Amino acid sequence: MDKGQKFYITTPIYYVNARPHIGHAYTTLVCDAIARRKRMLGIDTFFLTGTDEHGVHVERSATAAQTPPQKWVDKVSAEFRGLFDKMGISYDDFIRTTEPRHKLGAQELWKRIQEKGFIYKGTYTGQYCVFDELYVDSVGPGAPCPECGRPTETVSEENYYFKLSAFADKLLAHYQQNPEFIRPETRRNEVIAFLKTGLRDLSISRSTFKWGIAVPGDPRHVMYVWLDALSNYCTAVGFGAKEEDEQKKFQHFWPADVHMIGKEIIRFHCVYWPAFLMAADLPLPKSIVAHGWLLFEESKMSKSRGNIVRAETVIDVLGNDALRYFLLREIVFGQDGSFSFDALVQRYNSDLANDLGNLSSRTLTMINRYFNGSVPYPSPTVARKATDDVIKEQALTVIQEFTQLFDDFQFSRALETAWSLVGAVNKYLVDEEPWIVAEKEGEENKARLATILYTAAEALRIVTALAYPVLPESASKIWNQLGLGEISKFNLAELKWGQLPLGGKLGKVEPVFPRADKTSIERMQQMEQERAAQAASTASSTATASSPAPAGEGARPGQPASQSAHGPADAAPAAKAAPAIDGKISIDDFLKVELRVGQVKVAEKVKGADKLLRLEVDIGTEVRQLVAGIALAYKPEDLIGRKVVIVANLQPRKLRGLESNGMIVAASVGEDGKPVLASFLEDVPIGAKLK
RNA sequence: GGCGGUGUAGCUCAGGUGGUUAGAGCGACGGUCUCAUAAUCCGUAGGUCGUAGGUUCGAGUCCUACCGCCGCCA
């Protein structure tokens, strides 16, 4: 088992029709953390990511931008790669579906499936959704796509089909026999439910556009993007290659151990992909893990609301590790999670700066001060107390629990466990008061001090080793400060208590996580605004063919950000972000509205309208007639003499034949929107302007 | 509409097979120490466990209905 043990993990390949954002970063950094941990455990690990570059979208976008498709995809692919490099993602390979090695491999896969007799030619006449690249046979001509709501086109095409229907039973049996195949379980259940309704054959070629991989033996057709894209998992490790070492690589790494995906592409990965592989007589991946979406919280504080947040923003202000830690700690893996700058900074400060960073700082500083920067010798007997062993025992427990949880994709809980040790050591230091012990004379006290600081430093080392996959940059720094050299060379499988070399010299001690102040949130928000504005201006000049649905009454507060591949959520983020940047208006916009205090002089019901009141309101300069829909909430007699706030410069409007010159300001309360008039605690003069 | 999930303190979440005063972290408030990154540590803060019924000696934990949110149904 251990001989030749390998681990092959993949991200989805990202569709180049969208710009990289924090959702892509999330998927990728989760895989990175897993890959780093596996490597640290001494496992031969291969971590793949890349870009998906074919399809009609790309062809149209490139055309619209008057750019050759290849040039277009080169540019966006480089953006993805640039982001991942900036993030320090430790991918072993970055595959692009426009590379020759991929094309050859994808065609090879096609040929194998064909040889086994699972491909046939058929004709499809009906509706086609260009955006989703899907045949939607459930709707008639002129109907919108049930998937994305965009108009469908009527097409009649001769295509190649894949005999997907032949695999329903086999797939079901596979799910049943391999409960780990689809994770989490709720997704597995969905797939099973889907499968039980039966499978129809799948059209796997297109002849209406050219930007794709030619179907072997029939260059009039290109391969269906998903067949093309999915095969990357094989082609990247050498499938279909002529070179012997590439073939060996495939033998070694295939099947993949984990395909990490977003929940929107489950069907493609859990149904189509294994069916393709079965048809080609290739081994199936060990497991397909679907995470949730990253949503952008509608902040109750109504602070702001970034639409699409770029990972770069967070990285530039707080660093890579802050982003990694936040996403892995805050979000329950598998579920949707929300991202906000507030939560990010809070997490950063409390967990990283205050807890871990400060623990490191205080412990190492004391070793520097009291022991000249050499790891002190703990006393085996005299100066030993039970509290020391409690820390040791807890550390051992944490190693176990962390391992179990992390390997079960429960990153959040794994980190929680690790941090329980951080907390325990901080408390241990307060309880043992090494700074007091240091002031006392005598060998025994000296030995006691040594034991305390050794215990703290050793616990710190263990947390650091465990946290490395999540916090590669900072863990390396702490490791260095502990005087331990290159952390990635450490074998995590051997992690146990007592490995901190006695007498070892500490490195230079300095803060690893400087506290973030309030301005960091503002800085990030500002960067987002600038980027969004910039994107909006470029987007207008290079508008893509598939423009997203209009924002309508504002994008729903839960835009998925973890789009991975051809899903419907692929609308260009730039355009989506543009209209409302972050829902804020300028002060000038606000000042356009003239709000004044007025006093109600006359109030009476409007005949024939049970909700309307006719009001005469004194606003200092004049008495205005207003018609307001507040009759259900206020009696006319209760209003007379009352001071209210009105919008004074609203265009006049006629209601029930009465001209209304302004609007009364009221809160809308409850489900039925009951109006509650705005008022003041202090007395205010009539005509006062609000600003 | 069908199937599935979910609704627990301000926030994010724990709460096998029903059983004393419903938990944690963060935030808030008060206090403490001083080695440390205005950090640590301690204490407090009173959440009808979505709503209404039901089963039971006893339900957050089982059942029913309803409400809300979410997902899947090519």
Side-chain angles (χ1 to χ4, degrees), chain A residues 129 132-139 145-147 164-165 168 184-203 226 263-264 266-268 270-272 290 292-293 295 297 299-301 326 329-340 342-370 410 412-413 415-417 419-420 422-439 449 452-453 456 460 509-517 556-558 560 568 671:
Chain A
C129 174
D132 292 326
E133 298 185 28
L134 272 179
Y135 293 98
V136 281
D137 46 15
S138 55
V139 302
C145 170
E147 195 77 21
L164 182 61
S165 55
E185 201 174 330
T186 159
R187 301 300 169 195
R188 176 169 175 261
N189 293 338
E190 280 177 10
V191 174
I192 290 174
F194 170 72
L195 228 110
K196 282 187 171 160
T197 66
L199 289 175
R200 298 204 292 271
D201 290 349
L202 184 70
S203 162
W226 273 106
K263 66 182 183 181
E264 71 283 353
I266 285 176
R267 191 195 311 145
F268 303 100
C270 299
V271 180
Y272 298 172
W293 281 342
L295 309 176
E297 171 192 3
S299 161
K300 66 175 193 310
M301 294 303 209
F326 176 81
R329 174 64 186 84
E330 185 84 4
I331 292 168
V332 178
F333 188 76
Q335 298 182 21
D336 290 354
S338 68
F339 178 91
S340 78
D342 286 339
L344 170 74
V345 169
Q346 188 175 301
R347 265 292 170 204
Y348 175 84
N349 275 337
S350 77
D351 290 13
L352 296 180
N354 297 355
D355 289 348
L356 179 59
N358 185 48
L359 173 63
S360 171
S361 180
R362 68 198 305 205
T363 304
L364 300 179
T365 300
M366 284 190 277
I367 292 178
N368 265 340
R369 183 168 308 166
Y370 305 135
Q410 300 189 56
S412 174
R413 295 185 64 187
L415 289 168
E416 198 179 351
T417 297
W419 257 251
S420 74
V422 174
V425 179
N426 271 324
K427 179 171 166 48
Y428 169 79
L429 288 174
V430 169
D431 289 343
E432 301 304 326
E433 301 178 308
W435 49 92
I436 304 279
V437 178
E439 288 171 4
L449 181 61
I452 296 167
L453 293 181
L460 173 65
V509 175
E510 53 195 358
V512 178
F513 304 103
R515 268 186 76 83
D517 58 31
R556 283 174 43 193
E671 287 172 12

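Since this is a predicted model, take the numbers as computed values, not measurements. Naming convention: chains lettered A, B, ... in sequence-line order (proteins, then strands); numbering from 1 in each chain.
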Shortest side-chain distance from [X], nucleotide among [options]:
X	options	answer
A/Ile436	B/A74, B/U34, B/C35	B/U34
A/Asn358	B/A74, B/U37, B/G71	B/U37
A/Gln335	B/G71, B/U40, B/C13	B/C13
A/Arg200	B/A74, B/G25, B/U34	B/A74
A/Thr365	B/A74, B/C35, B/U37	B/C35
A/Lys263	B/C41, B/A36, B/G71	B/G71

Base, sugar-phosphate alone, or nothing: which one does [X] contact when heavy atoms must sit under 4.0 Å apart?
X	answer
A/Gly334	nothing
A/Ser350	sugar-phosphate
A/Leu199	base
A/Tyr272	base
A/Val271	nothing
A/Asn354	sugar-phosphate
A/Ala353	base
A/Thr197	nothing

Look through every strand shown and name the nucleotide pairing with [N] as Watson-Crick or G-U wobble, where both distances are under 3.5 Å.
N	answer
B/A24	B/U12
B/U32	none
B/A39	none
B/G4	B/C70

Contact under 4.0 Å: [X] side-chain N or O vs [N] OP1/OP2:
X	N	answer
A/Arg515	B/A39	yes
A/Lys427	B/C42	yes
A/Arg188	B/G4	no
A/Arg267	B/C73	yes

[atom1] spacing across the pair [N] / [M], given as an integer number of angstrom:
N	M	atom1	answer
B/G71	B/A65	C1'	23 Å
B/C42	B/U32	C1'	7 Å
B/C13	B/C49	C1'	14 Å
B/A45	B/G30	C1'	10 Å
B/G23	B/U34	C1'	32 Å
B/U51	B/G60	P	11 Å
B/U8	B/U40	P	28 Å
B/A22	B/A59	C1'	12 Å

Between [N] atom [atom2] and [X] atom [atom1], what is the distance in whole Å?
X	N	atom1	atom2	result
A/Phe194	B/A74	CZ	P	7 Å
A/Glu330	B/G27	CD	C1'	12 Å
A/Arg413	B/A14	CZ	P	7 Å

Between A/Gln346 and A/Glu439, who's closer to the 5' end of RNA chain B by nearest nucleotide?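 Whichever sits nearer the 5' end wins; that is A/Gln346.
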With nearest nucleotides of RNA chain B determined for A/Asp351 and A/Ala424 from heavy-atom distances, which residue corresponds to the more 5′ nucleotide?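 That would be A/Asp351.
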Does CD belonging to A/Glu185 count more than 12 external heavy atoms closer than 6.0 Å?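 No, CD of A/Glu185 has 12 or fewer neighbouring heavy atoms, counting only those of other groups under 6.0 Å.
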Atom pair CD/CD of A/Glu433 and A/Glu439 - distance to nearest 0.5 Å: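 If we round to the nearest 0.5 Å, A/Glu433:CD and A/Glu439:CD are 10.0 Å apart.
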Separation of A/Leu453 CG from A/Arg369 CZ (nearest 0.5 Å):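 Here the rounded value is 11.0 Å.
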What is the ring orientation for A/Trp226 with A/Phe268, classed by angle as parallel under 30°, tilted 30 to 60°, or perpendicular over 60°?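 Judged by the thresholds at 30° and 60°, the geometry between A/Trp226 and A/Phe268 is parallel.
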